[in-house]
There are 4 protein chains.
Amino acid sequence: MPLSEQQLLNMKQKRKDILEAATKLFATEGFEGTTIKKVSEAANISFGSVFTYFKDKDELFYTAVVEPLKELSENVFAFSTEAENPMIELEKMIETHFKLFAGINAYLTLIVQVIGQHHRYPDIFKELDRFHDEFRKRVSLLVENGQHKGMFAQQDPLTVATLYTSLLIGIRLNTTDTRYSDMWEQYVLSAINLFGPIKK
Amino acid sequence: MPLSEQQLLNMKQKRKDILEAATKLFATEGFEGTTIKKVSEAANISFGSVFTYFKDKDELFYTAVVEPLKELSENVFAFSTEAENPMIELEKMIETHFKLFAGINAYLTLIVQVIGQHHRYPDIFKELDRFHDEFRKRVSLLVENGQHKGMFAQQDPLTVATLYTSLLIGIRLNTTDTRYSDMWEQYVLSAINLFGPIKK
Amino acid sequence: MPLSEQQLLNMKQKRKDILEAATKLFATEGFEGTTIKKVSEAANISFGSVFTYFKDKDELFYTAVVEPLKELSENVFAFSTEAENPMIELEKMIETHFKLFAGINAYLTLIVQVIGQHHRYPDIFKELDRFHDEFRKRVSLLVENGQHKGMFAQQDPLTVATLYTSLLIGIRLNTTDTRYSDMWEQYVLSAINLFGPIKK
Amino acid sequence: MPLSEQQLLNMKQKRKDILEAATKLFATEGFEGTTIKKVSEAANISFGSVFTYFKDKDELFYTAVVEPLKELSENVFAFSTEAENPMIELEKMIETHFKLFAGINAYLTLIVQVIGQHHRYPDIFKELDRFHDEFRKRVSLLVENGQHKGMFAQQDPLTVATLYTSLLIGIRLNTTDTRYSDMWEQYVLSAINLFGPIKK
DNA sequence: TATGAATGAGGTTTCATTCAT
DNA sequence: GATGAATGAAACCTCATTCAT
């Protein structure tokens, strides 16, 4: 007798609850600071059920970090490297990124942990690195486009792209409080300078 | 019986050994991943001796993070906010910072951990925040100076300073391998753009 | 609605499948090493179904050990204590036993576990003890018969019988590999000596 | 500062206490039935101290089984294969073995467990197998000696030796109660028959 | 001061059993 | 009857901290 439709939905929801609770806890308390007991309580399920959905704590952590990457990619990569007007595209991109990153505070904190101690999480780090490489590549293409059109000063596109992604993650680290959400418009304006915009 | 000169020197050295070993371990293995046993072995002293020099693990971690801040300040703040030529001062400052940060990899990883999980380390975080605030303040003063002299584009000085410190820590995160040390000259050139330098 | 003939047959088969799988697993992995999940997988039925046929793990173990005893009795006791020629009967008996024991390796391993830790399985042990007592009694009767007829040397019949059953189970323990099946003919010849056969 | 003589003695005693408690428990309750907590209580030490002396439960079990083998060897192998009068040597040997085995009930039960489930304990089993092989070899040498001198009937010496060791371990299994200790003299007399003694 | 054995709290994980579907 | 998700007790093991020497 296979599980009913309703049961499957319930399970999907439970899995999501666990993952959300775990993400929040991992972000604020770290990997070891997060106990399965805390997760189960935060997700409002029994202790044992966590292991019904995730084989062990490692898998839970891995999933919490890697699974959202796919959706994140879609949003982060949603700009055109071939835009007619790279300057406008860049502004839109930066604004999108800043707004986006402001909204996934807990998740980014998680990412920072993994990167900061990548020796401990080699498998997860590999995924993040892949993501980061593609991210930089796409940004550098837009930069190149803008340089061709004479809108950005000449400099190594990949270097700028690297500085840009560094800035994005660095802001997350530096602005731990809510100020961030109020400030991002300011930040966007200044961040554009990184790309060496040429005023006409 | 007071301790002899030699004994005092020995103890000072041991304390330093422990702290160095602990910093490396905390950075690569995290707080929980670092055990007192590992520290004592890495520092080549007995297990029990760690507790002679540090009351408990928390104090060891606190010291490892906070104690180097003083010396770091001296190096990081070693630029003149009132410089005659802010552009040149800025370039020198950025270069100093990048070189400096490239050399204290383990320590910065520690910093990142504390910031990333500041809820867990409120006392340590307070110290880091103090440091950061002063850092940004000093940078923003240099920016203001440059803007007055018409060398930098107009933008909120504190915002630029925040983006700059974000960039600094973000680069540390993004470049986990040795590429960093080879690249920092490139990075310096592009990072200057953040300040909106006005070409004459 | 009563169950159909077919369904009853199905259930009987399932019960048998579970018991066979359980016996093999209990023998090789021990009581705790055997999980209900493993049993269900080995028996190709669902996890929950095990509990349909056996109230709990203890009952499953009990049944796996005790239920085959009845059939085993029939084969083990299939010799005549009143035989005309006790020597020939003895030889036949030993051969039968050795061949029989060679073929039920897994089951005997189970028996050994229960005997070896009889404190843990008092109920099961009681059954085995009953079986063993009857076994020895029957063997000792044959010995007595042979002694009356002057074919076996005088010695306490029950003692010989005990040594004989000890030998049977001991061989099972000592020959864990396939050597056993090749060797039993040799073993039979020498085992007879235990009974003090008198050559004419 | 190295540990004092007294401390080292204390530790030796503690290790022995743990091992004795563990042996008794492993024998009566089995590997999984024996918890570290039970061991520590039986040995009158703290839970954590068990791990000071044995890295984990596996090592404790391994040590409990393998360590006594050396001393056991000395006693078990204490007969002369080249004896002038093999018959008398054999009688002495059997008596020694039976008396010896009667006194190490718990340990033998442990051995039986390992042999019975040798798949689970391959490393330990290898040691036992080594011991057993040497044991059989030595017994078979004595048998050969006796056959040469015409005191034992002709039969394959190694087969007899195997049956003999089987008998020894089998008796341990079959006689779980105290009857054994009262009976061994009887057993010795009958066990000799296994070797086909030739009456003059 | 230096050492390392002793302690037990607290974490992860397994798994028998229950029970809703 | 069949299924497998839900539950939590209980096991192992680690490790910070204490303390006797």
Side-chain angles (χ1 to χ4, degrees), chain A residues 1-8 10-11 14-15 31-40 45-58 60, chain B residues 1 3 7-8 10-11 14 31-40 45-60, chain C residues 1 3-4 7-8 10-11 14 31-40 45-60, chain D residues 1-8 10-11 14-15 32-40 45-58 60:
Chain A
M1 216 177 326
L3 294 174
S4 73
E5 196 75 8
Q6 186 53 47
Q7 276 173 311
L8 287 173
N10 273 340
M11 290 182 69
K14 255 184 205 182
R15 188 178 183 282
F31 182 80
E32 273 90 0
T34 300
T35 67
I36 301 291
K37 192 164 174 289
K38 282 186 198 167
V39 172
S40 67
I45 54 154
S46 78
F47 174 79
S49 281
V50 176
F51 295 95
T52 302
Y53 292 89
F54 302 92
K55 130 170 167 294
D56 54 23
K57 200 181 171 184
D58 280 349
L60 179 58
Chain B
M1 184 174 36
L3 296 170
Q7 276 175 310
L8 284 172
N10 270 342
M11 290 182 66
K14 271 195 192 177
F31 182 81
E32 273 86 2
T34 299
T35 66
I36 302 292
K37 190 162 176 289
K38 282 187 197 169
V39 172
S40 68
I45 55 150
S46 78
F47 172 76
S49 282
V50 176
F51 294 95
T52 304
Y53 293 89
F54 300 93
K55 162 168 145 285
D56 54 24
K57 200 181 172 184
D58 281 348
E59 188 180 295
L60 179 57
Chain C
M1 186 173 38
L3 296 170
S4 75
Q7 276 173 310
L8 284 172
N10 269 342
M11 289 183 68
K14 271 193 191 178
F31 183 80
E32 273 86 2
T34 299
T35 67
I36 302 292
K37 192 162 173 291
K38 281 187 197 167
V39 171
S40 69
I45 56 150
S46 79
F47 171 76
S49 281
V50 176
F51 293 94
T52 304
Y53 293 90
F54 300 92
K55 162 168 146 285
D56 55 25
K57 201 183 172 183
D58 283 347
E59 189 181 295
L60 179 57
Chain D
M1 215 181 322
L3 294 176
S4 73
E5 196 76 8
Q6 186 54 47
Q7 277 174 310
L8 287 174
N10 273 340
M11 290 182 69
K14 257 186 203 183
R15 189 178 181 281
E32 273 90 358
T34 299
T35 67
I36 301 290
K37 194 165 172 287
K38 282 187 199 167
V39 172
S40 67
I45 54 154
S46 77
F47 175 80
S49 281
V50 176
F51 295 96
T52 302
Y53 293 88
F54 301 92
K55 135 170 164 292
D56 54 23
K57 199 183 170 183
D58 280 350
L60 179 57

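In what follows, chains are A, B, ... by sequence order, proteins preceding strands, each numbered from 1.
Comparing D/G48 and C/K57 by the nucleotide of DNA chain E whose heavy atom lies nearest to each, the residue mapping closer to the 5' end is D/G48. Take the nearest nucleotide of DNA chain F for A/T52 and for C/T52: the residue whose nucleotide is more 5' is C/T52. Of the two residues near DNA chain F, D/K37 and B/F51, the one whose nearest nucleotide lies more 5' is D/K37. For D/I45 and C/D58, each mapped to the nucleotide of DNA chain E holding its nearest heavy atom, the one lying further toward the 5' end belongs to D/I45.
Enclosure of atom NZ in B/K38 by more than 12 non-hydrogen atoms of other residues, nucleotides or ligands within 6.0 angstrom is indicated.
Contacts of D/Q7 with the nucleic acid, taken as non-hydrogen atoms under 4.0 Å apart, involve only primed sugar atoms and P, OP1 or OP2. Nucleic acid contact for B/T34: sugar-phosphate only, since backbone atoms but no base atoms lie under 4.0 Å from a heavy atom of the residue. When heavy atoms are screened at a 4.0 angstrom cut-off, C/D56 is found touching the sugar-phosphate backbone but no base atom.
Between the CZ atom of C/F31 and the P atom of E/dT14 there is a distance of 19 Å, rounded to whole Å. Look at CG on A/L8: it is 16 Å from P on F/dT3, rounded to the nearest Å. Spacing between atom CG of B/L60 and atom P of F/dA16 amounts to 10 Å, rounded to whole angstrom units. The distance between atom CE of A/M11 and atom P of F/dT3, rounded to the nearest whole Å, is 17 Å. D/N10 has its CG atom 11 Å from the P atom of E/dT7, to the nearest Å. The separation between D/R15 atom CZ and E/dA5 atom P is 14 Å, rounded to whole Å. B/K55 has its NZ atom 17 Å from the P atom of E/dT1, to the nearest Å. Between the CD atom of B/E32 and the P atom of E/dG10 there is a distance of 14 Å, rounded to whole Å.
With E/dT12, E/dT3, F/dC12 as the choices, the nucleotide that has an atom nearest any side-chain atom of D/I36 turns out to be F/dC12. The side chain of A/F47 lies closest to F/dA9 when the candidates are E/dA5, F/dA9, F/dT7. Among the nucleotides E/dT1, F/dG4, F/dT7, the one closest to any side-chain atom of C/S46 is F/dG4.
Counting all heavy atoms, side chain and backbone alike, B/F51 lies closest to B/I36 at CE1-CG2, 3.7 Å. C/E59 approaches C/Y53 most closely through the heavy-atom pair OE2-O, 4.1 Å. For the residue pair A/T34 and A/K57, the shortest heavy atom distance occurs at O-NZ, 2.8 Å.
Legend: residues meeting side-chain hydrogen bond (donor to acceptor under 3.5 Å, both in side chains) with B/S46, ordered by chain and number and at least two apart, are B/S49. Annotation: ring-ring contact (aromatic ring centres under 6.0 Å, His included) contacts of C/F31 (sequence neighbours excluded): C/F26, C/F61.
Within the 4.0 Å cut-off from OP1 or OP2 of F/dA2, at least one side-chain nitrogen or oxygen of C/K14 is found. Using a 4.0 Å cut-off, some side-chain N or O of C/S49 falls inside it from OP1 or OP2 of F/dT3. The phosphate of E/dA6 has OP1 or OP2 within less than 4.0 Å of a side-chain N or O from D/Y53.
Summary of helix geometry: the two end axes of the helix from E/dA2-F/dT21 to E/dT21-F/dA2, each defined by five base pairs via their C1' atoms, are inclined to each other by 0° (rounded to 10°).
Distance check, rounded to the nearest 0.5 Å: CZ of A/R15 to CG of A/L60 gives 9.5 Å.
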